Amino acid sequence: MRDLVIVGSGPAGLSAAVYAKRAMMDVVVLEKEAFSGGQIVNTEQVDNYLGLPGISGFDMGMKFREHADTFGVEFDDREVTAIEDHGNHKKVSLEDDSSIETKAVLIATGAKHRKLGVPGEEEFTGAGVSYCATCDGAFFRNKEVAVVGGGNIALEDALYLSKMCSKVHLIHRRDEFRGEKILGAQVLETENIEFHPFAQVTEIGGTPGKLELKVAVKTPTAAGGQADAGANVNASSEETSAFGSHDFTLPVAGVFIAIGTSPITDFLGDVVELDDAGYVAAGETGQTSTQGIFAAGDVRTKAVRQVATAVGDGAAVIHYVEEYLNGLKNKDN
C-alpha cells in the first residue's frame with residue numbers, strides 16, 4: 001500500500017512530490033496529460049516567479065518536472081476515474097479498471113480557465129490571448145488591449161492593465177458589472193478604460209501581437225425590448241451611435257479573457273466536500289472534509305491562484321500529510 005497518491009503534476013503536485021520524497025514517503029504522481037506543469041506550460045513567458053524572470057511557461061514546467069525526477073518520483077500517466085474512502089486507506093480507481101491502494105491522497109488537479117469557445121481562441125492562446133493579466137500584462141506595456149468579462153477578476157484585470165497599457169477595452173455582455181460596485185465605479189472613472197456593454201467577442205483573428213476581435217453588440221432594442229438611454233453611459237461612441245444589433249472589429253495587441261475558472265473535480269463525486277463554485281473545500285492545511293484526503297493548489301478554495309502560491313501549497317501540505325500518516329502509525333501501535 002502506498003503512503004500517498006498525488007493526482008496532478010502541476011506546480012502544486014510537483015512541489016508536493018519533492019517534499020514527499022524528502023520525507024521518505026512511498027509516493028506516486030498520477031498525470032493524464034502529456035506534460036507536467038499544468039496550465040503554466042501554455043504561457044509564453046513568466047516574469048513574476050522569483051529567481052526565474054523571463055522563463056517560458058513550458059520551460060518552467062519542465063524544470064519543475066526535472067526537479068521531481070532528480071528525487072526519483074514515480075509518475076503514472078493513467079487517468080483517475082474515482083477516489084473511494086475506506087477509513088484508514090483509500091482506493092484510487094484508474095481508467096484501465098485497475099486501482100491503487102493508499103493511506104492518503106492529495107488532489108492537485110488544478111483549475112482550467114473558462115474559455116469563450118470562439119474561432120481563433122485556441123490558435124492565439126499564448127500569442128496574444130491570455131487568461132492571466134498579472135502573469136502576462138507586462139508584455140503589453142504601452143499597448144492597446146482588451147479584457148472580456150464583468151466579474152471581479154475582469155474588473156481587477158482592467159484596472160491593473162490600465163496602469164501599464166495605453167488603453168484597455170472592457171467587453172461585457174451586459175450593461176452592469178457582476179463584480180463589486182466599488183470596482184465597477186473605479187473602472188468607469190479610469191480614463192484609459194473604455195467600456196463596451198452588451199458586447200460579445202465572436203471571433204479572434206489577425207496575427208500575434210496584432211489581433212482583430214470581432215465583436216457583436218446587442219442592445220435591449222435588438223432583443224425586442226425598449227432601449228434604455230442610460231445603458232450606454234461610458235460606452236464607446238460607435239456603440240452609442242445607434243441602438244440595435246451590429247458588429248465591429250477591434251484591433252488590439254492582446255486580449256485577456258476573465259470569465260472565470262472551472263476546477264478539475266469531476267472525478268471526485270461526493271468523496272469530499274466542494275464549495276458552491278466546485279472547488280475542493282480545504283484551508284491552508286489542505287485537509288478536506290474527508291480525513292486522509294488533501295487538496296493543494298488551484299483546485300482548492302482560496303483567494304489567490306498563482307504559480308508561487310501553488311508551489312507553496314504543495315510544500316506546506318506534505319507537513320500535514322506526514323502528521324496524518326504518523327497518526328495512523330500510532331493507532332496501529
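Numbering of residues begins at 1 and proceeds along the displayed sequence. Keep in mind it's a predicted model, so treat the numbers as computed, not measured.
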With a 4.5 Å cut-off on side-chain heavy-atom distances among I, L, V, M, F, W and Y, is there a chain of contacts connecting Leu30 to Phe35?
no
Do you reckon Val28 sits in the same ILVMFWY cluster as Tyr324, going by side-chain contacts under 4.5 Å, direct or chained?
no
Rounded to the nearest 0.5 Å, what separates atom NE2 in His86 from atom CD in Glu84?
4.0 Å
State plainly whether one hydrophobic cluster holds both Leu155 and Ile153, where clusters connect Ile, Leu, Val, Met, Phe, Trp and Tyr through side-chain heavy atoms under 4.5 angstrom apart.
no
If you look only at pairs with a residue in residues 20-34, which of them pass as a side chain to side chain donor-acceptor pair (under 3.5 Å), with sequence neighbours excluded?
Arg2-Asp26, Ser9-Glu31
Between Glu284 and Lys302, does a side chain to side chain contact (heavy atoms under 4.5 Å, CB included) hold up when you go through it step by step?
CA-CA 9 Å; Glu284 295 300 317; Lys302 59 192 301 186; 5.7 Å; no
Between Ser162 (side chain) and Asn192 (backbone), is there a donor-acceptor pair under 3.5 Å?
no
Residue pair Pro197 / Val217: nearest heavy atoms and the distance that separates them:
O-CG1, 4.1 Å
If you draw the axis of the six-membered ring of Phe75, does the NZ or CZ of Arg65 fall within 45° of it and under 6.0 Å from the ring centre?
yes
CD of Glu101: more than 12 outside heavy atoms within 6.0 angstrom?
yes
Are Val299 and Leu106 connected in a single hydrophobic cluster, I mean Ile/Leu/Val/Met/Phe/Trp/Tyr linked by side-chain heavy atoms less than 4.5 Å apart?
no
Near Tyr19 OH, under 6.0 Å, is it more than 12 heavy atoms from other residues, nucleotides or ligands?
no
Closest contact, heavy atoms only, Val321 versus Ala104:
CG1-CB, 4.3 Å
When you look at CG of Asp96, are more than 12 heavy atoms from neighbouring residues, nucleotides or ligands closer to it than 6.0 Å?
yes
Mark yes or no for whether Thr202, through its side chain, and Lys214, through its backbone, hold a donor-acceptor pair below 3.5 Å.
yes
Are a donor atom and an acceptor atom from the side chains of Gln306 and Asn48 found within less than 3.5 Å of each other?
yes
Could you check whether any side-chain heavy atom of Val5 comes within less than 4.5 Å of a side-chain heavy atom of Val27, counting everything from C-beta outward?
no
Main-chain N/O of Gln186 paired to Thr190 side chain as donor or acceptor, under 3.5 Å:
yes
How long is the span from the NZ atom in Lys90 to the OG1 atom in Thr102, to the nearest 0.5 Å?
9.0 Å
Whether Thr290 side chain and Val271 backbone form a donor-acceptor pair below 3.5 Å
yes
Check whether any side-chain heavy atom of Val147 lies under 4.5 Å from a side-chain heavy atom of Val255, and answer yes or no.
no
With a 4.0 Å cut-off, would you call Asp85 and Lys91 a salt bridge?
no
A quick test of your reading: do over 12 heavy atoms of other residues, nucleotides or ligands sit less than 6.0 Å from CG of Asp276?
no
Quick check for you: to the nearest 0.5 Å, what is the distance between Leu159 atom CG and Ile193 atom CD1?
4.5 Å
Val311 side chain reached by Phe64 side chain, heavy atoms, under 4.5 Å:
yes
Is the side chain of Ser166 donor-acceptor paired with the backbone N or O of Lys143 at a distance under 3.5 Å, no angle test?
yes
Minimum side-chain heavy-atom gap Val29-Asp76 below 4.5 Å
no
Value rounded to 0.5 Å, distance of CZ in Phe267 from CD in Glu95:
13.0 Å
How far apart are the closest heavy atoms of Leu116 and Ile259, and which atoms are they?
CD2-CD1, 3.9 Å
What one should report as the nearest heavy-atom pair of Glu322 and Ala23 is OE2-CB, 3.9 Å
If you round to the nearest 0.5 Å, how far is CD1 of Ile204 from CD1 of Ile257?
4.5 Å
Donor-acceptor pair, distance only, cut-off 3.5 Å: does the side chain of Thr288 make one with the backbone of Ile293?
yes
Distance-only, no hydrogens or angles: does the Asn152 side chain make a donor-acceptor pair with backbone N or O of Glu180 under 3.5 Å?
yes
Between Asp157 and Leu170, is the side chain to side chain contact (heavy atoms under 4.5 Å, CB included) condition met? List the steps.
CA-CA 10 Å; Asp157 284 357; Leu170 181 56; over 6 Å; no
Testing the basics here: between Ala295 and Val317, what is the closest heavy-atom pair and its distance to 0.1 Å?
O-CG2, 4.3 Å
Can you tell if the side chain of Met1 reaches within under 4.5 Å of the side chain of Ile100, non-hydrogen atoms only?
no
Under the side chain to side chain donor-acceptor pair (under 3.5 Å) definition, can you give me all pairs with a residue in residues 107-122, not counting sequence neighbours?
Gln39-His113, Arg114-Ser262, Lys115-Glu122, Glu121-Tyr131
Taking every heavy atom of Met62 against every heavy atom of Ser36, the minimum-distance pair comes out as CE-O, 3.5 Å
Do Ile55 and Tyr49 come close enough that some side-chain heavy atom pair is under 4.5 Å?
no
Would you say the side-chain atoms of His319 pair up with the backbone N or O of Glu323, donor to acceptor, closer than 3.5 Å?
no
Met60/Val307 under side chain to side chain contact (heavy atoms under 4.5 Å, CB included): CA gap, chis, key distance, verdict
CA-CA 10 Å; Met60 173 176 274; Val307 177; 4.0 Å; yes
N/O donor-acceptor pair under 3.5 Å between Thr265 side chain and Gly278 backbone
yes
Taking the side chain as C-beta and beyond, is there a heavy-atom pair between Phe140 and Met164 under 4.5 Å?
no
Is it true that Glu194 and Lys167 make a salt bridge, defined as a side-chain N closer than 4.0 Å to a carboxylate O?
yes
Say you draw a straight line from CE of Met24 to CG of Asp3; how long is it, rounded to the nearest 0.5 Å?
10.5 Å
Do side-chain atoms of Arg300 reach the backbone of Ala282 as a donor and acceptor pair under 3.5 angstrom?
yes
Full working for ring pair (Phe, Tyr, Trp, His ring centres under 6.0 Å) between His196 and Phe248:
CA-CA 11 Å; His196 301 265; Phe248 69 97; 5.6 Å; yes
Go through the steps to decide whether Val148 and Phe256 satisfy the test side chain to side chain contact (heavy atoms under 4.5 Å, CB included), and finish with yes or no.
CA-CA 6 Å; Val148 181; Phe256 295 83; over 6 Å; no
Would you mind reporting whether Phe195 and Val187 have side-chain heavy atoms less than 4.5 Å apart?
no
State yes or no: do Phe177 and Leu161 share one hydrophobic cluster built from I, L, V, M, F, W and Y residues joined by side-chain heavy-atom distances below 4.5 Å, directly or via other members?
yes
